[in-house]
Amino acid sequence: MAERHDVLVVGAGPAGLSATLFLRLSGRDLDVLALDRLQGERRSRYHRICGGGVSRRAFRGLDPIEPWGAMEEISRALLRWPGGVETEQTIDGHIIDRPRFLDELAVRCREEGAMLERGSVVSVVPDGDGYRARLYDGSELRARHIIGADGALSVVRRDLFGTRPWRIMAAERYLVEGDAEPGTLVFHMEQRYRGGYRWEFPCGGLVNTGFPRGTDSVEEYLDRGCRHIPFGGVGPVVEGDALLVGDAAAQANPVSYGGIRAALQAGRQAASAVAAGKPDLYRRWWERSRLSSPWYLKAHEAMSSWSDEDMRAAAAPFQGRSRALPLLRRLIEAPRDYHMYVAYGMALRDSW
Ligand SMILES: Cc1cc2nc3c(=O)[nH]c(=O)nc-3n(C[C@H](O)[C@H](O)[C@H](O)COP(=O)(O)OP(=O)(O)OC[C@H]3O[C@@H](n4cnc5c(N)ncnc54)[C@H](O)[C@@H]3O)c2cc1C
């Protein structure tokens, strides 16, 4: 007979570990098992493929989670547009060493009584009043609730929801030698990045850079990796007692591609909905959350079709100190830019 748990969390990245911790902190004494297919260096390697940029705001309401493993404090975003236009924005956050952050989070989960084990889920089916998961080694597990936190190519989503992310982008990440702008996230915005960008983030004395796969290249690097970023949602995030969180639910932001904040917050919300015995509360939270605002998708669609000249003209009013008049002039000339400005403002504030 397969062992049975109250909750099976598939995937122990930011979303899965957040869900696991808050399930244990719910006061319901739930038996929670979190499985991840990767361990040790392979797990660190997977999770290093990231910019590691997370705002201070992202940790609000997530106590006791903190930005463990913070390597740099960030106070500025610098956007470089075609035609030499540069715009900058004051922001507030960190670059975290993501494997270290997750290791700390895993320690807290275990301290609170969760079980974290290695295991690769290959299929999931409904089973009586719960679910049955089959693992790569042939064993089976049963659970009353299942939380799919298994990333972009989620098995839980495939088997229980039958849906796909609205969009999915492969992103290449490189670690290179060089001098990053201290305390600054640099973004290169050009047509060739197809609605994305090339980033340069400080990373412990090195530079973390990357871009959508196939749009650019790096000749010399110390490390390289590629991973998918799903965004724009997947439709319902709750189906019976199954819930999808983080990249499994394509919750990364369509403008900034930041997904750590949404993953941590969704994990928390899913946990409290399950603990309350009302999984649908999580669906309602997600549908009403600013993190899932349709403005972002509209902005992504527009930006994907813009030429370098469109981008230069849209960004130019934000150069320099006196912005009000140039911006007004631009909005009269090109009112379609309005939703872009709103989405970018929201993204810098809320999406990472
Ligand atoms: C190159 C790149 C740069 C990025 N930079 C940033 C950034 O600077 N800031 C930001 O906020 N976001 C960034 N993101 C997005 C962010 O990394 C993700 O949105 C976030 O990691 C989502 O967390 P998650 O827990 O949902 O999924 P993941 O981090 O993908 O974790 C999923 C976990 O599930 C496990 N798993 C998968 N399948 C199975 C299975 N079948 N059985 C068991 N376990 C399984 C995996 O091993 C993994 O540990 C970046 C993404 C990429 C690709």
Side-chain angles (χ1 to χ4, degrees), residues 8-20 33-40 42-55 58 67 72 74 77 93-96 98-99 101-102 105-106 116-124 133-137 141 146-159 165 168-175 185 187 196-201 203 208-213 224-231 244-254 256-267 270 291 347 350-352:
L8 173 62
V9 179
V10 184
L17 289 178
S18 170
T20 302
L33 172 66
L35 288 180
D36 202 290
R37 67 194 163 119
L38 300 175
Q39 240 183 4
R42 286 186 63 211
R43 174 172 164 75
S44 295
R45 200 170 161 65
Y46 174 90
H47 286 290
R48 270 201 301 271
I49 306 171
C50 187
V54 198
S55 67
E72 309 268 350
I74 296 300
H94 325 265
I95 297 289
I96 55 166
R98 191 175 143 131
F101 171 73
L102 292 177
L105 189 45
L116 269 57
E117 290 177 13
R118 182 175 183 187
S120 181
V121 172
V122 293
S123 67
V124 188
R134 177 180 287 272
L135 274 57
Y136 184 73
D137 65 6
L141 292 168
I146 190 160
I147 296 186
D150 45 345
L153 309 175
S154 170
V155 169
V156 177
R157 184 184 69 228
R158 181 198 68 196
D159 289 2
I168 192 157
M169 179 179 86
E172 290 185 43
R173 177 262 192 195
Y174 295 82
L175 196 60
L185 304 183
F187 300 91
Y197 51 78
R198 177 176 176 136
W199 73 86
E200 280 159 21
F201 293 178
C203 183
N208 177 337
T209 185
F211 35 78
R213 185 169 63 196
R224 172 185 181 277
C226 184
R227 205 154 63 75
H228 289 100
I229 309 180
F231 57 93
L244 295 175
V245 290
D247 278 4
Q251 289 171 332
N253 185 276
S256 71
Y257 305 102
I260 299 173
R261 175 180 186 162
L264 293 172
Q265 297 283 350
L291 298 172
D350 286 331
S351 76
W352 67 297

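All heavy atoms count here, side chains included; hydrogens, waters and symmetry mates do not. Counting convention: from 1, in listed order, for ligands and their atoms alike.
Looking at R98, R213, H47, R42 and measuring to atom 20 (C) of ligand 1, the nearest heavy atom belongs to R98. Across the listed options I49, V9, T209, I49 owns the non-hydrogen atom lying nearest to atom 2 (C) of ligand 1. Proximity annotation for atom 4 (C) of ligand 1: of G51, A249, G13, G51 comes nearest, heavy atoms only. If you check each of S154, P14, A262 against atom 24 (P) of ligand 1, the one with the closest non-hydrogen atom is P14.
Aromatic ring pairs are classed by plane angle as parallel below 30°, tilted from 30° to 60° and perpendicular above 60°; the pair W199 and F201 is tilted.
Between G52 and ligand 1 there is a heavy-atom distance shorter than 4.0 Å. Within the 4.0 Å heavy-atom cutoff, G119 counts among the residues contacting ligand 1. In this structure, W352 has no heavy atom closer than 4.0 Å to ligand 1.
No part of E117 comes within 4.0 Å of ligand 1, judged by heavy-atom distances. Contacts between V10 and ligand 1 below 4.0 angstrom, taking non-hydrogen atoms only, involve the side chain exclusively. Contacts of D36 with ligand 1, taken as heavy-atom pairs under 4.0 Å, involve both backbone and side chain. Of the heavy atoms in W199, only side-chain atoms (C-beta onward) come closer than 4.0 Å to ligand 1. Residue A263 touches ligand 1 through its side chain alone, judged by heavy-atom distances below 4.0 Å. In V155, the part holding a heavy atom less than 4.0 Å from any atom of ligand 1 is the side chain. With a heavy-atom cut-off of 4.0 Å, Q251 does not touch ligand 1 at all.
Of the protein's heavy atoms, Y257 O, 3.7 Å lies nearest to atom 14 (N) of ligand 1. Among protein heavy atoms, the minimum distance from atom 12 (N) of ligand 1 is reached at G259 N, 2.9 Å. Remark: minimum distance from atom 38 (N) of ligand 1 to any protein heavy atom is reached at R37 NE, 3.3 Å. Of the protein's non-hydrogen atoms, A15 N, 3.0 Å is the one closest to atom 25 (O) of ligand 1. Among all protein heavy atoms, the one lying closest to atom 28 (P) of ligand 1 is Y46 OH, 3.8 Å. Looking only at protein heavy atoms, the nearest one to atom 34 (O) of ligand 1 is G11 CA, 3.2 Å. Protein heavy atom nearest atom 6 (C) of ligand 1, with residue, atom name and distance: C50 SG, 3.5 Å. From the protein, the heavy atom lying nearest to atom 41 (N) of ligand 1 is V121 O, 2.9 Å.
You'll find the side chain of L33 stays beyond 4.5 Å of the side chain of V9, heavy atoms only.
Below 4.0 Å from some heavy atom of G258 lie the following atoms of ligand 1, by number and element: 10 (C), 11 (O), 12 (N). For ligand 1 and R43, the ligand atoms under 4.0 Å from any heavy atom of the residue are 49 (O). Counting the atoms of ligand 1 from 1 in the order shown, those under 4.0 Å from a heavy atom of A171 are 1 (C). Annotation for ligand 1: atoms under 4.0 Å from non-hydrogen atoms of G246 are 26 (O). Per-residue contacts place A149 under 4.0 angstrom from the following atoms of ligand 1 (heavy atoms of the residue considered): 32 (C), 33 (C), 34 (O). Each of the atoms 8 (O) of ligand 1 lies under 4.0 Å from some heavy atom of F201. If you number the atoms of ligand 1 from 1 as listed, the ones under 4.0 Å from a heavy atom of L38 come out as 47 (O).
Listed by chain and number, the residues in a side-chain hydrogen bond (donor to acceptor under 3.5 Å, both in side chains) with Y174 are E172, R224 (sequence neighbours excluded). Shown here are the side chain to side chain contact (heavy atoms under 4.5 Å, CB included) partners of Y46, two or more places apart in sequence or in another chain: R37, L38, R227.
Of the N or O atoms in D247, one or more lie within a sub-3.5 Å distance of an N or O in ligand 1. Where the criterion is an N or O separation shorter than 3.5 Å, residue side chain and backbone included, G53 meets it with respect to ligand 1. Ligand 1 has no nitrogen or oxygen under 3.5 angstrom from a nitrogen or oxygen of S120.
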